[in-house]
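Letters A, B, ... mirror the listed sequences (proteins, then strands); counts begin at 1. Since this is a predicted model, take the numbers as computed values, not measurements.
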Number of protein chains: 2
Amino acid sequence: MATQDTQDRILDAAERLFAQRGFAGTSLRAVTSEAGVNLAAVNYHFGSKEELLTATLQRLVGPLNAERLRRLDQVEAAADPPSVEGILDAFLRPALGADPATMRIVAVVLYSESADLVRDLIRNLFGEYAQRFIRALARALPQLGDAEIALRFHFLVGSMTHVLSGRPLLTAEVEALPEPPSRERVLEEMIATLAAGFRAPQVHKPARRSEDAA
Amino acid sequence: MATQDTQDRILDAAERLFAQRGFAGTSLRAVTSEAGVNLAAVNYHFGSKEELLTATLQRLVGPLNAERLRRLDQVEAAADPPSVEGILDAFLRPALGADPATMRIVAVVLYSESADLVRDLIRNLFGEYAQRFIRALARALPQLGDAEIALRFHFLVGSMTHVLSGRPLLTAEVEALPEPPSRERVLEEMIATLAAGFRAPQVHKPARRSEDAA
DNA sequence: GTCTATATCCTGATAGAC
DNA sequence: GTCTATCAGGATATAGAC
């Protein structure tokens, strides 16, 4: 079996299983068994279980964030500053459009595992891209201070991650609907809701924005 | 050592460790060692690791949801229908006011562990309370359909859980602020943002609300 | 690159003395 | 109710044949 093939099969299996059972809850035996490769192959190709997680997330998140930036460039080229809705669409659509079963891994890893393991991993994967979007939102919402932008972006990330997780915390409510909303419907509803949230008037003293203070 | 004492010590330790390392990532040896009790005590008092998780969550979430309902009753008694802000305050303040280190366990368990283990657990713990709040929000926002209320409540839960998780996905942005926002500030910002989101106009056809269709 | 076999350690759970 | 000792199995990782 070609090297690339074995690696991909391992990554495919790891993606599925980490998403379903979490990192600590997934054994390398389960991964190699699901992938149809030998147990020793993981350590040969990736070095360790932890490095397998890193590789899995990078393969998944890399293209996702590239697509996000591509769309952000587009909306920024079309209007200056772009609309809040346009920015949110660029951020959310690639994530919500991807395979839900695999996107769940982001929520799983983000929240579940030990802080030490996750911190740098997440920051390296998302930090730079998040800053790009935060800056775009700050330009589209000049009436808000840095703290408001940062906090509201935080709320946005939480909403998105929760939806991506597909977890039934309260999906009973959603499932009880006559017909479950389509993914496009969820996306549109999310953009409209979050955009209104970003446009909410500032609750605290309108502190001068850092970039205006010169 | 009294039975109650040992059980409480185990629950205290389990709460801390599950929150830090997740369920699968925490061994019973770690729990009993941290609690200063014998390894066999967990199985004697709780039956199994899984039942220990259930007991831990019940002890944490029970009083939290009781406090939420008490506050919801208050705001409903004060105004009919109550303001969206009042409802959100009743829902969020008890959670955001609790010890962040232990509240993290909700996010950890919700997102990280296997779906089978979590589904019924979460639904039993939160389902009933969530319905009360959803109904209150629906009465405060009669212009929205059932689907909108359900989805936006979903977004709210995600934002809250993300903040409670304390995870550094993008907290670099928040940490980079001149002074980190106080918990009260975060709560107020969250209420204002989410209330504006709930009040966003309906994006789809304003389908008649189920309770109005008679 | 892939395999078997294994080293080393940890896991949840329990039997039985006290 | 608490302890020790242990069972039976699973964990990651690696050494070494092919």
Under the side chain to side chain donor-acceptor pair (under 3.5 Å) test, which residues partner A:E67, sequence neighbours left out?
-> A:R70, A:R71
Do NZ/NE/NH1/NH2 and the carboxylate oxygens of B:R135 and B:E76 come within less than 4.0 Å?
-> no
Look at the side-chain N and O atoms of B:T6 and state whether any lies under 4.0 Å from the OP1 or OP2 oxygen of D:dT2.
-> yes
Rounded to whole angstroms, how far apart are CD on A:E51 and C1' on D:dT14?
-> 15 Å
Counting only non-hydrogen atoms, which of residues 10-21 of chain B are less than 4.0 Å from DNA chain D?
-> none
Non-neighbouring partners of A:F133 that pass ring pair (Phe, Tyr, Trp, His ring centres under 6.0 Å), sequence neighbours left out = A:F91
Is the A:H162 to B:H162 ring centre distance short of 6.0 Å?
-> no
B:T26-B:R21 side chain donor-acceptor pair, cut-off 3.5 Å = no
Any residue meeting ring pair (Phe, Tyr, Trp, His ring centres under 6.0 Å) with B:F155, in chain and number order, not counting sequence neighbours = none
Will you find, in the side chains of B:S48 and B:E51, an N or O donor that is under 3.5 Å from an N or O acceptor?
-> yes
Sequence neighbours excluded, the answer for side chain to side chain donor-acceptor pair (under 3.5 Å) partners of B:S159 is A:S159
For each nucleotide in nucleotides 4-18 of chain C, reading 5' to 3', give B when a protein heavy atom comes within less than 4.0 Å of its base, S when such contact involves only the sugar-phosphate, and - otherwise.
-> B------BBBB----
